[in-house]
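Let me begin by presenting the structure, written as structure tokens, before commenting on it.
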Amino acid sequence: RDEAALLAALARRPMAGFDLKPLYRVLAAAGQSQASTRDAREEKGGRPGPPEPLPVPAGDVKLAAYLLDPVRNRYHLVDLARQFLGVEVEEGPADRPADPACRTPALLGRDAALCARLRPAIEAEIAARGLERVYREIELPLVPVLAAMEVAGIAVDREQLERLGRQFAARSEELAQRIYELAGETFNINSTQQLGQVLFERLKLPVVKKTKTGYSTDAEVLEALAAEHPIAELVLEYRSLAKLRGTYVEGLAEHIGPDGRIHTTFQQTVAATGRLSSTQPNLQNIPIRDEPGRSLRRAFVAAPGHRLVAADYSQIELRVLAHYSGDRALHEAFAHGQDVHARTASEIFGVPLEQVTPEQRRVAKAVNFGLAYGQTDFGLARALRIGRAEAKRFMERYFERYPGVKRYMEETIRRARQTGEVTTLFGRRRPIPEIRHRVPHIRQNAERVAINTPIQGSAADIMKLAMIRVHGALLREGLSARIVLQVHDELIVEAPEDEVPRVAALLRREMEGAYRLDVPLVVEVKAGVNWYEMEEMNG
DNA sequence: CCTGACTCGC
DNA sequence: ATGCGAGTCAGGG
């Protein structure tokens, strides 16, 4: 039809605009259905052949505005028009895509015209601020990749999800009854207010922490109260099940489409560090650490005849830190493929690598973990539940053994203070005006941001580059496998069974080769019929 | 519809 | 008072 012809014409020519991903999503979906009808006509049978790759957008003023100031909470055309053109206008369809009332020919035309005038102005700033590479080589090429991922979606086994839901509900009911017995009354356990009254007024348990508005009942408090009264542990388990039921079982079920798949939206202009985020639903926070939450991953499945192949970067943030700091010991650990937490334990506790105990390794892991966040002795003490003095000794010992890391952190803060901003490997920038603030806690918070952003943001740069490479390689090699999810350091691909070995090799090659750091990038690959049971493929 | 408390992920 | 996100629920407007 005319519409199909129009979409095909659009898909052939690079476009510039404002927030092009939704349009690319339409184009990707049309390309997918076009490829399958074409193949059906030509009786190729089975799987659709390769769709025409969509061109990289010529420009996107929303992405450009995000790169110029990634901290803003919105990137509306009206704000950009004011900032870059000095024009004051009412919101139109570009800023209210969900509002059909503003989708009038006049306003559509006006937004298009604004966008056309904005592009040269805003792209001049991109060039002037050294953001050309991250714009042209990362964010713009990523648009068709994200659109394809959103269109692909991930298959969900609704019956499996519902089975888990029933298990959680049964256990939840059991816990609620026992909680009411111990409380001596029924109440809404989900209400922090009512729970606070029961715990601290009726049962007279000690108040260990308060919030702005009353008693704190968070997990840390309940864990402390577990020593005082059996109700605390029951509430903890009840609350975790309530979370699983509400957010994951019911929340995810609402998003299963008629194709039996969940199609999330990846936000490209939200995280100040350059990471992606995932909404409606968020598929980047599916439980993994504890059962029974982890079992939800059984509901994320590969289509019949397919496998999920998951590839994750091993310790990418610590590797970025090793690269940036040039620290000798950290370099050595990665160059020799050592267990980096064991190596750190060996350094802080002064014992040979082979004699590191699991407890020492656990402490070292917490120290390593906190590095990228600008951790303080106070924070480490809390995380490990040890004294502040002891935490301080661990940190001092760490920085003695890794002086390059200490130097790097001091230098990063010094430079941030001088320039008022920090940058990533690819030149992505983040302004940090608070780094010169005279109130200590505000300034210290800014210093942690200054430490964290280059590390988290560079890892995000590398992952985005890897996604572009993997997507391109899959198409180029004529494979039917498609990227379906990204979870910050992990890519999930859905592949026909017979493609799995090639896809595993491709993922390792393209991800490890995405960027050349001074230490190797290492990728671990796993495959399985669902996201829970996955076998390593690191042969 | 918004905010705060809470909890999930990396 | 260790970084970055999103969603749910309760409770109030």
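Letters A, B, ... are given to chains in the order of the sequence lines, protein chains preceding strands, and every chain is numbered from 1.
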Check your understanding: Salt-bridged, A/R414 to A/E411, with N to O below 4.0 Å?
Key -> yes
Revision key, fill the gap. To the nearest angstrom, the CG-C1' distance between A/N452 and C/dG5 comes to 12 Å
Exercise for review: Please answer whether the main-chain N or O of A/F300 pairs with a side-chain N or O of A/N530 as donor and acceptor at a distance below 3.5 Å.
Suggested key: no
Exercise for review: Using a 4.0 Å heavy-atom cut-off across all strands, classify A/A271 as base, sugar-phosphate, or nothing.
Suggested key: sugar-phosphate
Check your understanding: Do A/R298's NZ or CZ and the ring of A/Y532 fall within the cation-pi criteria of under 6.0 Å and 45°?
Key -> yes
**Study point:** Rounded interatomic separation in angstrom, taking CZ from A/R443 and C1' from C/dA1
**Key:** 16 Å
Check your understanding: Between the side chains of A/S458 and A/Y324, is a donor N or O closer than 3.5 angstrom to an acceptor N or O?
Key -> yes
Check your understanding: To the nearest angstrom, how far is A/E447 atom CD from C/dG3 atom P?
Key -> 12 Å
Exercise for review: Compute the ring centroids of A/Y135 and A/Y66, then answer whether they are less than 6.0 Å apart.
Suggested key: no
Point to revise | Reported CE-to-CG distance for the pair A/M511 and A/L521, which is rounded to 0.5 angstrom | key: 9.0 Å
Review point. Does a salt bridge link A/E359 with A/R362, judged by any charged N lying under 4.0 Å from a carboxylate O?
Key: yes
Study note, to complete from the structure: To the nearest 0.5 Å, atom CG of A/D377 lies from atom CD1 of A/I386 at 10.0 Å
Practice item. Would you give the length of the straight line joining atom CD of A/E220 to atom CG of A/L222, rounded to the nearest 0.5 angstrom? Key: 10.5 Å
Check your understanding: When all nucleic acid strands are considered with a 4.0 Å heavy-atom cut-off, which category describes A/A460: base, sugar-phosphate, or nothing?
Key -> nothing
Check your understanding: What is the distance, rounded to the nearest whole Å, between atom CZ of A/F378 and atom C1' of C/dT2?
Key -> 11 Å
Revision key, fill the gap. Contact check, residues 277-298 of chain A vs DNA chain B, heavy-atom distance under 4.0 Å, returns A/Q284, A/N285, A/I286, A/P287, A/I288, A/R289
Point to revise | DNA chain C contacts among residues 417-431 of chain A, heavy-atom distance under 4.0 Å | key: A/R430
Exercise for review: Could you walk me through whether A/Q193 and A/Q197 pass the side chain to side chain donor-acceptor pair (under 3.5 Å) test, one step at a time?
Suggested key: CA-CA 6 Å; A/Q193 207 173 304; A/Q197 283 168 7; over 6 Å; no
Exercise for review: State whether the side chain of A/R430 and the backbone N or O of A/V422 hold a donor-acceptor pair below 3.5 Å, judged by distance alone.
Suggested key: no
Exercise for review: Over 60° means perpendicular and under 30° means parallel, so classify the ring planes of A/F369 and A/Y373, tilted if in between.
Suggested key: perpendicular
Exercise for review: Would you grab the first and last nucleotide of DNA chain B (5' to 3') that comes under 4.0 Å of any non-hydrogen atom in chain A?
Suggested key: B/dG4 to B/dC10
Point to revise | Sugar-phosphate, base or nothing in reach of A/A272, heavy atoms under 4.0 Å | key: sugar-phosphate
Exercise for review: Mind checking A/G370 for me? I need base, sugar-phosphate or nothing, with any heavy atom below 4.0 Å counting as a touch.
Suggested key: base
Check your understanding: Between A/L252 (CG) and C/dT8 (C1'), how many Å, whole number?
Key -> 12 Å
Review point. Is there a residue in residues 381-395 of chain A whose heavy atoms reach under 4.0 Å of DNA chain B, and which residues are they?
Key: none
Practice item. Identify whether the distance between the nearest side-chain nitrogen and carboxylate oxygen of A/K464 and A/E139 falls below 4.0 Å. Key: yes
Point to revise | Spacing of A/M463 atom CE relative to C/dG5 atom P, expressed in whole Å | key: 18 Å
Exercise for review: Kindly say whether A/K243 contributes a backbone atom to a donor-acceptor pair with the side chain of A/S240 at under 3.5 angstrom?
Suggested key: no
Review point. Going through the distances and angles, do A/D79 and A/R72 end up as a salt bridge (charged side-chain N to carboxylate O under 4.0 Å, His left out)?
Key: CA-CA 11 Å; A/D79 300 330; A/R72 288 237 284 259; 5.7 Å; no
Practice item. Answer yes or no: is there an ion pair linking A/R261 with A/E494, defined by an N-O contact shorter than 4.0 Å? Key: yes
Review point. With no hydrogens and no angle check, is any side-chain donor or acceptor of A/R319 less than 3.5 Å from a backbone partner on A/S314?
Key: yes
Review point. How long is the line joining NE2 of A/H255 and P of C/dA6, in whole Å?
Key: 14 Å
Point to revise | Interface with DNA chain B, restricted to residues 201-215 of chain A and to heavy atoms under 4.0 Å | key: A/T211, A/K212, A/T213
Tabulate atom names and distances for all N/O pairs under 3.5 angstrom spanning the protein and nucleotides 11-13 of chain C.
from	atom 1	to	atom 2	distance (Å)
C/dG11	OP1	A/S191	OG	2.4

Review point. Looking at A/Y75, is A/K62 sitting on its ring face, NZ or CZ under 6.0 Å from the six-membered ring centre and within 45 degrees of the normal?
Key: no
Check your understanding: Is A/R275 near enough to C/dG5 that one of its side-chain N or O atoms lies under 4.0 angstrom from OP1 or OP2?
Key -> no
Point to revise | Distance in angstrom units between A/N445 CG and C/dG3 C1', rounded | key: 9 Å
Review point. Can you check whether A/Q486's main-chain N or O pairs, donor with acceptor, with A/Q284's side chain at less than 3.5 Å?
Key: yes
